[in-house]
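Presented below is the structure to which this report refers.
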Amino acid sequence: MLGVVLAILSSLAFSSSDVAVRRGVARAPVSHGAFITVLVGVPLFAAAALLSGQLLRAGDLPLESYGLLSLAGLVHYVFGRYFNYAAISAIGAARSGPVQALSLPY
């Protein structure tokens with residue numbers, strides 16, 4: 001039952017985020033939204049890593065893992081967020097959602 005409640009809360013959070021993004025990119029450039037999420041996302045990630053105890057274990061990773069994690073962060077935060085916000089700006093959150101959902105099976 002907890003899984004169902006968390007899934008519903010997650011979907012509400014994602015949909016309200018898309019609606020807020022749509023309102024924001026209607027008045028400002030898409031690059032501003034992507035920049036703000038990168039500035040907010042990095043400290044929130046650091047806080048979550050610190051609270052979970054994983055930040056103190058960062059030295060346990062091999063050196064090449066840091067490069068792969070950095071590449072994944074760039075792809076997700078910089079490119080992914082920018083194109084997500086550009087899609088929402090161009091065609092709206094309701095129409096861009098199914099297209100973005102196809103990225104999982106792809």
Side-chain angles (χ1 to χ4, degrees):
M1 186 64 177
L2 179 63
V4 172
V5 171
L6 291 177
I8 291 171
L9 289 175
S10 174
S11 66
L12 286 172
F14 277 114
S15 62
S16 63
S17 171
D18 287 346
V19 169
V21 166
R22 176 68 175 153
R23 298 286 181 215
V25 296
R27 294 181 179 88
V30 173
S31 59
H32 289 181
F35 182 70
I36 289 170
T37 60
V38 169
L39 286 180
V40 171
V42 172
L44 287 177
F45 171 76
L50 183 64
L51 287 174
S52 68
Q54 297 300 313
L55 190 62
L56 303 175
R57 298 184 60 199
D60 294 347
L61 292 173
L63 188 58
E64 61 269 2
S65 295
Y66 289 109
L68 291 173
L69 288 170
S70 299
L71 181 65
L74 282 174
V75 168
H76 173 73
Y77 278 108
V78 178
F79 299 115
R81 298 269 174 116
Y82 179 82
F83 292 131
N84 179 23
Y85 297 157
I88 291 173
S89 175
I91 61 175
R95 284 186 258 164
S96 67
V99 175
Q100 292 169 7
L102 287 175
S103 68
L104 289 174
Y106 176 71

Can you list everything that forms a side-chain contact (heavy atoms from CB on, under 4.5 Å) with Val40? Sequence neighbours excluded, please. Ile36, Leu44
Qualifying residues under side-chain contact (heavy atoms from CB on, under 4.5 Å), relative to Leu69, sequence neighbours excluded: Leu61
Do you know which two heavy atoms are closest between Thr37 and Tyr85, and how far apart they sit? CG2-OH, 3.0 Å
Mind checking whether Phe79 and Tyr82 sit in one hydrophobic cluster, side chains of I, L, V, M, F, W, Y counted as touching below 4.5 Å? yes
dist Ser89:OG -> Asn84:CG (nearest 0.5 Å) comes out at 11.0 Å
Filter on side chain to side chain donor-acceptor pair (under 3.5 Å), then keep only pairs touching residues 52-62, sequence neighbours left out; what's left? Arg57-Asp60
